Colleague: 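Submitted below is the structure of interest, expressed as C-alpha cells.
Keep in mind that the numbers below use all heavy atoms, side chains included, and drop hydrogens, waters and symmetry copies. Computed from a predicted model, the values in this text were never measured in an experiment. All chains are named by letter (A, B, ...) in the order of the sequence lines, taking the proteins before the strands, and each is independently numbered beginning at 1.
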Amino acid sequence: MTPLPGISIRVLFCSILCLVLLNPSSARAQDNYEIQVYPSETMAPKTLLVELHSNFTVEGSTTTQFGMLPTERQEHETIELTEGINEWFEVGFYIFTAEKNGSGVQWVGDHIRPRVRVPARWHWPVGVSLSSEFGYARAAYSNPTWSWQIMPIVDQTIGRWYWSINGTMVWNVHVVPPPADSTSQQKQFYYTNVAPKGVTFGPAATLTYAPSKYFNLGVEYYSYYGQWGNFVPLHYQQQQVFPVVNLFVSPKWEINFGAGWGATAGTDHLIVKCIVGRYFDWSHHRPGSSESTQ
Amino acid sequence: MNRRTFIAQASAALTGVALASVAPAWAQSAPDVKLEIAPLALEIAPGKVVHTVAYNGRVPGPLIRWPEGKPIIIDVLNRNTIPDIVHWHGLFTPVDMDGAYEEGGRLIAPGTTFRYSFIPRPSGFRWYHTHTWAGHDLRVATYSGQFGCFYIESKADSGAYDQEIFLTLHDWNAYMSNSGDSSMEAGYEYATIDSRMLGFGDPLRVREGQRVLFHILNASASMIHWLALAGHEMTVVGMDGNAVPNPGPMRAVRVAPAERLDLVVTMNQPGVWILGESRESIRRMGMGIVVEYANQQGKPKWVEPPETLWDYRSFAMNQPATRQPDETIPLRFESKFHGQGAFDTWMVNGKSYPDTDVIMLREGRRYRLQLVNRSTDDHPLHLHRHTFEVTSLDGKRLSGLMKDVVVVPAKTTAEVDFTADNPGATLFHCHNQTHMDFGFMTLFGYDSLPVPPRNRRLCEPSQRAVTPHVSSL
C-alpha cells in the first residue's frame, strides 16, 4: 500500500481508524431522512403533496463519534410538503425527526427545496429539472449542520421502463469542527474526507419496470463520493442499492417501499424505507367540472 | 352465419354493387364544393406558426351550408404526400360515401381527386374531418387542421336569431403527456378558436339586444373543453345538430371532441368580453376569442363563471324512452397498460380493433347499446351514419336527447338506442384519436348488405399504402 503524499503511516492509520469509527454515513446522516430519487416532473399548480418518509436503520454505526449519535436502530421520520406553484415550479419543505429508545422523538432540522423544470411542452427528449435545497440539521444528527444542495435531475420513460439520475452536489456551508486536540494533519484529513468544507458529490439514480399501471419494480442507487475533485477512496464512499416497489393504487396516493444494502464500510449496511404520499387539490374543484383539469 | 361465411357473401355482394355503379351520371357533373388537402403553415398568433395540413389553405375548412335533401357533389383533391379520406360526421351517408376506411371507404391517393356524392341529411350542425390514423405521429389525422363545419339547412328552420356564428375549437402541437393515472395521453402546446389564439384574431362583433346563435364545434383530437362567455348566460338549444327537448341556460358549457353545441346568447351586457375556456391554464394556451359590442372599446374582460358540472339529463326529458329496443348489445371498454411511456391499447368486449368481432344488425330493428366504461378515462363515443337517443346515464333514465357522440365518464355505463335504418358497415369508436388509433373501434354490419371483406385499419402515415381504385377526375 502506498501512503498518500505528505501523510505519515501513523497519521494515516489513526485517521482511517477514526474515519471507520466515525462512519461517514453518520457524518451525512441527513441523507437517511429523505431517501428518494426525484423525477423531473414538478407538482401540478394548486396541488400539495404530503409525504411521510419512514427510514429505519437496521444495521448502521453503533458508537457516538464527535457528538453524533449512532445510527443503528434509529428511526427517521420526515414530513415532506411539496406545493406546485405553476407548471414548471414547485417548493418543498422538510421536517426531519429521529427516534431511538431512550431519546424519544427528536427534531433534527428543516430544509426548503425550490425546484424548476423544463416544461413538457418544450418537447425535450428527456425530462430535466433543477432542485436547490437549503437548510439546517442539528449537529447530533448531521454534519454539516447548514448545507445547500444543487441537484440537476434528468429522467426518461421508455415504454414500461423509467430511469432517473440525480446529480447531487452539496455545499457544506457549516461543518462541525474536529476535536480541539486534533493535530493539523488530522484536521486536514477531517476536512478533506470526513466533513469537507467545500462541495461534495453523490449521485443517485433509479431504474424501474412497470408490469402494471398500478405498480412498478425497480432499483435505486445512492452514493456519496466525497469532495468534488478529491473523492475519498471507494472503501469509504457511500454506495447503497435499494430494491424498491412503487404502488399507484390511486391518483391521490403514492407509496414506495425499499430495503437498502450498503456496499462499503462507509455506508449504513441495512436500511428499510417507506414513503407514503397523499395529494391534495387546493383548487377544490370537482373532477370533470368546468374548473377541473383532472 | 359465421364470420367466414359472412365475409364470403359480403365480398360477392360488394362486387355486385361495384359493377352496378359503373360510371354513374353524377360523375360527369361539376362539383358543388371543392376541397383541396394541402400542407399549411398556420400563424395562430404573431410569430407562432403551426405546420399542419388543412382544407383549401385555411383552418377551419370552408363552411358547407346546404339545403336538406338536395344532392351535393364534393370533389376532394389531395395535394398532400400521404393518402387521406374525408368523413362527413353526423350525416346519414351511404356507406361508400361516409369517408371511413374501416367501413370500406376509399383512400384518396396523393395527387388525385375523389368525388363524394350524397344527399345531405339530417338537417342541423354537422361537420367534416379527416378520418385517418395517427398512431405516434401527433401532427396528422385529427391533430391536424383538417376539419370544417357542415350546416344542413332545414326547410322548417325558424331562424329565431339575429346573427349566426360558427366557432371551432382545436388544440395544436400535441405531445405525449402523463395523464396522471400512469397512462399516457396527448398534451398540447397551443389551443385556438377558429385557428387564432386569444387576442390575436378578429373579435366577434355584436350589437346590444341581439340574439346570437353560436354553433360550437370541438375539433380537438382528444381534449374536452369548457367554454364560457364572460358576463353572459348561454342557452343550450341543440347538441350534435339536433334540438334538445329541454333548452337550458348555462354559465359554462362542456363540449367533448367531435361534439357540437348550438347556443343562443342574448347580448344584454354591453362591453368587450372574452369567450373562452373556463380553465385558466387552457385559456393561457390560447383558447379564447374577444366579443365586442358595437361602440364599445377597452380591454376584454373575463369573469370567472361558477364551477359547473355537465349533465346531459338537464337538456333531456327525465322519463324513460317510450320505444323499447328489440335487442340490447353490451359493449365493454377496457384498456391494457403498456408502460408509463407508452399509449395504452383499448379493447371493446375484450378485443382491440381490428380483431374486434363484427356485430350484425337487421334493418328496421331498434338496438340499445349498453356502453360499459370500465376504464379510468372519459370517452366521447361516436356512431357513424346514424343518430342515437341517449336513454340512460349511470343508471338514470332519460329520453329525447338525440346525438351522434356521447361522453361516457370513467367507471360508468350509458345506454343509447338507435334504429338500424342506414344499411352498410357502420363504425363505432371513441373520438379520442389516441384511443381509436390504439384499438378503440368496432364495426357493425347489416345482414342485408356486406361489410368490408376484413377489418381494415390504416397504418402509420409514412408506411400507408395507396389503395387502388382511386378515381382521378
Side-chain angles (χ1 to χ4, degrees), chain A residues 39-47 49 84 86-88 117-127 155-164 206 208-218 246-254 279 281 283-294, chain B residues 138 171-184 186-191 223-228 250-256 277-285 304-311 335-344 375-378 407 409-412:
Chain A
S40 66
E41 195 170 0
T42 52
M43 202 59 52
K46 295 183 180 175
T47 304
L49 172 61
N86 59 30
E87 65 162 327
W88 50 266
R117 69 172 293 196
V118 171
R121 59 188 164 81
W122 287 14
H123 311 305
W124 284 26
V126 293
D155 68 359
Q156 188 180 38
T157 305
I158 306 168
R160 293 177 185 270
W161 293 94
Y162 169 80
W163 61 263
S164 176
T206 186
T208 64
Y209 178 80
S212 149
K213 70 191 299 178
Y214 301 110
F215 74 97
N216 68 34
L217 303 169
N246 295 287
L247 305 180
F248 309 104
V249 292
S250 157
K252 291 182 178 175
W253 290 92
E254 65 158 37
Y279 293 89
D281 180 1
S283 64
H284 300 297
H285 298 317
R286 288 167 287 183
S289 80
S290 58
E291 295 301 320
S292 172
T293 52
Q294 302 296 314
Chain B
L138 308 187
D171 302 289
W172 301 96
N173 288 11
Y175 56 90
M176 282 180 81
S177 169
N178 194 324
S179 67
D181 69 345
S182 297
S183 297
M184 302 300 284
Y188 298 90
E189 195 170 350
Y190 305 119
M223 285 281 289
I224 290 177
H225 285 297
W226 283 88
L227 280 186
M250 299 291 291
R251 299 306 296 241
V253 293
R254 190 193 74 179
V255 56
E277 243 282 0
S278 59
R279 293 165 293 187
E280 185 185 1
S281 57
I282 304 174
R283 217 164 49 246
R284 282 175 182 272
M285 286 165 59
E304 202 74 42
E307 188 174 10
T308 307
L309 289 173
W310 189 251
D311 187 349
S335 63
K336 186 175 181 185
F337 181 66
H338 289 285
Q340 288 145 332
F343 288 128
D344 288 1
S375 77
T376 53
D377 291 348
D378 300 349
V407 176
K411 303 288 184 188
T412 69

Colleague: Which bit of Glu87(A) is near chain B, if near means a heavy-atom gap under 4.5 Å: side chain, backbone, both or neither?
Modeller: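 Glu87(A) has no heavy atom closer than 4.5 Å to chain B.
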
Colleague: Given that the side chain runs from C-beta out, which part of Pro409(B) has a heavy atom under 4.5 Å from chain A: side chain, backbone, both or neither?
Modeller: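 Looking at Pro409(B), nothing touches chain A.
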
Colleague: Highest number of heavy-atom pairs under 4.5 Å with chain A: which of Ile282(B), Val253(B), Leu309(B), Asn173(B)?
Modeller: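 With the most close heavy-atom pairs to chain A, the winner is Leu309(B).
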
Colleague: Taking CZ in Arg283(B) as the centre, count heavy atoms belonging to other residues, nucleotides or ligands within less than 6.0 Å. Is the count above 12?
Modeller: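 Counting other residues, nucleotides and ligands, CZ of Arg283(B) exceeds 12 neighbours.
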
Colleague: Considering only heavy atoms from C-beta outward, does the side chain of Glu291(A) approach that of Glu304(B) to under 4.5 Å?
Modeller: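 SC-SC contact between Glu291(A) and Glu304(B) confirmed.
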
Colleague: Does the side chain of His225(B) reach to within under 4.5 Å of the side chain of Arg279(B), using non-hydrogen atoms?
Modeller: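 Contact flag for His225(B)/Arg279(B) side chains = yes.
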
Colleague: Which region of Asn216(A), side chain (C-beta onward) or backbone (N, CA, C, O), has a non-hydrogen atom less than 4.5 Å from a non-hydrogen atom of chain B, or is it both or neither?
Modeller: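 Looking at Asn216(A), just its side chain touches chain B.
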
Colleague: Does Glu277(B) reach the main-chain N or O of Leu227(B) with its side chain, forming a donor-acceptor pair under 3.5 Å?
Modeller: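 Pair absent, no side-chain N/O of Glu277(B) close to backbone of Leu227(B).
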
